[in-house]
J.: 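Dropping the structure in here first, questions after.
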Amino acid sequence: MTTATPEIVGRGNADGARLFREWFTDLTAAAAAGRGAAYVFVMGSLAELLRTFDLPIVFPEINSLQTAVRRVAHEYLAEAEEYGYSPDICGYVKADVATQLRGGVLPMGKIPKPAVAVLTNACNTYIKWAEIWERMHGTPTFVLDVPGSRAAGLKPGPGDRDFEGDRTYVLAQLRELITLLERVTGRSFDVDRLRESLGHANRMSRAWERLLQLNRSRPSVFNALSDGTIYLGVANALRGTPEGAAYFEDLVAEMEYKVAHGIGTLTEEKWRLVFVGVPCYPIFRRFNELFGEWGGTFVNSTYLWFASGGTNLGFQYDLARPLDSLAEGLLVSVRDAMDSMFFQTRILADMIDGYQIDGVVFHPIKSCRTVSTGLADNRRALMEMKDIATLFIESDMMDRRVVSEAQMKNRVDAFFEGLASRRAQAAIAAAGR
Amino acid sequence: MTLLFPEWRDQPLDEALRACRDLLEDDRFPTVRRWRDAGGRVIGHFQVYFPEEIAHAGGLLPFKVRGAPIEPTRADSHFGSYLCSILKTSLELALSQRVQFEAFFTHPICDAARNLAGVWGRNFPYPCQILYLPQNANSAHAAEYLRHEYDRVRRTLEPIAGRAITDDDVRRSIAVYNENRALLREIYELKRTAPWLLPADEAYVLVALGGLLPREEHNELLRTLLPRVRERPARPRDRIRVVFEGGFCEQPPLDLIRMIGRSCYVVDDDLLIGLRWIVEDVPPSGDPLQALATAYLEQSSHSPVQHDLRKPKGEMLLKRIQESGAQAAIVTAAKMCEPGLEEQVVHTRTLDQAGIPYFVSEFEENMTSFDQLEIQLETFVENLLFE
C-alpha cells in the first residue's frame, strides 16, 4: 500500500465503477440461472451473514436510485402509480414495484426474484416494502428489529442494562434468522465462513472510517456527494468480501497519497460543505455542479454515515465470538446510522469543527420522511449552536416532477453570495481588531 | 381524585353527548388544564399505542397526542413541505402551550413519527423519547424485549411521578384499563348490532375522550351513558353497513365522520385503534409489565404500522368486514401518510379480489369542506342500495 504512484489517483472511482458493473453482471447471471436472491437494505444489510449461505444479494434501494441516475425513473414511477401507488410515497418503493412487475428488468441488467427478504427497522418503509414482496412473490421476510437510540444523547453502552437488553434481543433474532436462512437455502450455517466474512467486513469498516477522516485535509481529497456515492455502492454491494475489503484499502492508499501530495478533487476548493439528506439523483451530476461552479465541495455528508449502515464507526467484530459480536456490531452500527438521521445536531456540529466547514446544505426530499422529517428543525438547532451558513432546498431523490433546477440554482447562487459576504465581513472584522 | 369533566353529569343523554363533543373539539384541552391546575403531571404520547397503564400507575395523566384541526403557525417552520398534518399540529399543540407535558413519547410507527423525539427534544427540556415497540412481532423474544422496554419507560416516569411505580400500582391500573377496554368493546358491539342507536360520530367521541381523561372518569362516563344509548327510541334506517379504514393515526375531522354517518352505518373501523389495541383483558396478576408486553403482541388488534406475519393486511381487513357484517368499505388515508397510502393499494386489491365494493379517498384533519366528498359517497351508496 505504500508504493503509490501518480497512477493511483482516480483509481478508486474507476475500480468502483468496474466492481459495481461486475456485481450487477453476477446478479443478471443469477437471475438467468433462476436463482433466488436475498433482498436487503443499506442500513443493516447483514451481508456478512447472508454471504455464508451463498445467496446473491440485491439492494432494491440501489437499483431504484440507479433508475434515477440513468434518467428512466419516471417510467418506473408511472408504472407503479398506474398499479395504484400514490405519488406521495417513497419513490424507491415505487421503482421497485415496477421492477418486480417487469420481472426484475432494470437498465443495468436483471435482478433475481427474492428468495428471502431481510430488513432492519432502521427505516419503517423497509417493512412496508417487504410486505409487497410477501404479497407479490410469497417471499419469506424477516424484520430484524434493532432498537435505536431512545433520545438524543441517550447512549447506553455495553454493560448498561438497557444496552444489554437490546443486545440480547438482537442476538436472539439473529439465531432465528439463521434458522430461516437454513430453511430457505437448504444449507447449514457455517460459523467459520461467518468468521471469514466478518474479517473482510472488519477491513472494510476500518478503511471506511479512515477514508472519512482523510477528508479533513485541505484541500479535501474526495467529494462526499459524487465520489462518495460510488464508494457507498461498493461498500454495500461487496461488504463481507475480500474484493470489497481490498477495494477500500486501496482507496485509503489513494487518498493518503492525495493528502500527502496536496491533491484535491476536481473542484478548486473555495468552500467546504457538508451535505445532509439524500442526493438529488434525477439531476445528480448537475446538482453537484451547482455547488462546484462556485468552488464548493462536499467534504462530508450524513449520507456517508447512514447509507453505509453506520460503517463510519469502523466497528471491529470480535472473530473469537462471531455471532455475539455480529449482534453487537449490528446494534451499534445501525443505531449510529439512525442517530445520523434522527439526532444529528451534535454530529453536524462536530463535523463543522472537525472538517473546517463553511456551510451546511440540507436537502430534504419528498420521497423519504425518514431522512427529511427532522431537517428543518435540525437546521434551526444547528444555527443556534453554531455560527454557520446553511441552505435548505427541497426536491426528490427519484421524482423529477418535484425537482426544479432553475429554482434550485437561484437558491444555491444566493447561498454562495451569502457565504462570500460572510467571509468578507469576517475579514473586515479581523482587520479592525 | 379531581373531577376533570363534570359537564356531562346530570344531563339528558343528548346534552351529555353534546358536552362530550364540545370537550373533544375544544383545542384548549380543559381537562388537561384542570388536571395541571390541581398539581397533576401529564405524559404526552403520540399515536398509535402507548402502555398508558404505566403512566397511570404513577398517578400521571397519559394524554394521547393525535394532532388537532388547528393551524400549525408555530410548528410550520420546524418541518419541510411533504409531511402529514398530524405531525405539525401535534407539535403546534405543545409549542402554543395548549397542552403542556412533563414527558413525551413517540414510536417507530412510521418514518415521520419516529423523528418526533428528536424534534420535540430540541424544543422542550423534558424527556422526549422513542418507545421502541417491537417490530419483529414474530420473534419468540419480542415479549421479553418489550417487557424490558416497558421497565425503561417506568424508570423514566418515576422521577416525574416523584415516587416508585410498583408492580402493585401497575396491576391496579391494568384493572382500571381492563374495565375501559370492556366498555370500548361494548361501544363497538353496539356499532355492529344496533348502529342506529349510536351514530358514527357519537361513537367516535365517546371513544376519543379516553385520550383526554383519567380512565376512571372515562369508565364512569361510559358506564352511565351506554345503557341510556341502548334505550334510545331510534329505528334502523336504509343505510349501508361499512367498515372505515385509514384512521389509525391522523384523525379525520369529526364532521367528516358525521357526514359518512348520514348515508352509512360505520359498523367497524380503525379510528384511534391504539385506544383499543389490546382486545382482551390483560391478566391483573403476575408480572404486570410482562402481561402488558404479551398482550401488545398476542391479544391485539392490527394496523398498517405493525408488521406481524400472523396478521396479513388484506386478510385482516376482510376479517373486519366479515365479523362486522359490513357490505362495503371506505378505504381512506391521511394525506402524505406513507403507511396509510401504501395500505390503500393492498386493501383495494384485496377487496377487488373478494368482490367487495369500496370507496377510496384521502383526508386531512384540517379539512372543512366535505360537499364534493359527500356527493361522491352518496353516489357510491346509492349504487349499492339500488343495484
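Note that the structure is predicted; figures quoted are calculated from it, not measured. Note on naming: letters A, B, ... go to the chains in the order of the sequence lines (proteins, then strands), and numbering restarts at 1 for each one.
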J.: In plain terms, say whether D377(A) and R122(B) are close enough for a salt bridge, that is, a side-chain N and a carboxylate O under 4.0 Å apart.
T.: yes
J.: Hey, what do you get for OG1 (T168(A)) to OH (Y145(B)), rounding to the nearest 0.5 Å?
T.: 12.0 Å
J.: Can you tell me how far the CZ atom of R369(A) sits from the SG atom of C84(B), to the nearest 0.5 Å?
T.: 7.5 Å
J.: What is the distance from atom CG of N115(B) to atom CE of M341(A), rounded to the nearest 0.5 Å?
T.: 8.0 Å
J.: Please look at P364(A) and chain B and tell me whether the side chain, the backbone, both or neither of the residue comes under 4.5 angstrom of a heavy atom of that chain.
T.: neither
J.: Side chain, backbone, both or neither: which part of C368(A) has a heavy atom under 4.5 Å from chain B?
T.: neither
J.: By a 4.5 Å heavy-atom criterion (distance strictly below it), what part of Q344(B) contacts chain A: side chain, backbone, both, or neither?
T.: neither
J.: Would you kindly say whether D162(A) and H148(B) are connected by a side-chain donor-acceptor distance under 3.5 Å?
T.: yes
J.: What residues of residues 329-339 of chain B sit under 4.5 Å from chain A when only non-hydrogen atoms are counted?
T.: M336(B), E338(B), P339(B)
J.: Counting only non-hydrogen atoms closer than 4.5 Å, does R379(A) touch chain B with its backbone (N, CA, C, O), its side chain (CB onward), both, or neither?
T.: neither
J.: Taking atom CD1 of I130(B) and atom CE of M338(A), what is their separation to the nearest 0.5 Å?
T.: 8.0 Å
J.: As an exercise: rank L154(A), T125(A), I127(A), T120(A) by heavy-atom pairs under 4.5 Å with chain B and give me the winner.
T.: T125(A)
J.: Enter the distance from Y82(B):OH to D399(A):CG here, rounded to the nearest 0.5 Å.
T.: 9.0 Å
J.: Work out which heavy atom in C128(B) is nearest to a heavy atom in A151(A); give both atom names and the distance.
T.: O-CB, 3.4 Å
J.: If you tally heavy-atom pairs under 4.5 Å against chain B, which of A381(A), G84(A), C123(A) wins?
T.: C123(A)
J.: Sort out for me which of A152(A), S149(A), A130(A), S367(A) touches chain B most, counting heavy-atom pairs under 4.5 Å.
T.: S149(A)
J.: Between A376(A) and G80(B), which heavy-atom pair has the shortest distance, and what is it?
T.: CB-N, 4.2 Å
J.: Is there a donor-acceptor pair closer than 3.5 Å between any side-chain N or O of N136(B) and the backbone N or O of L144(A)?
T.: no
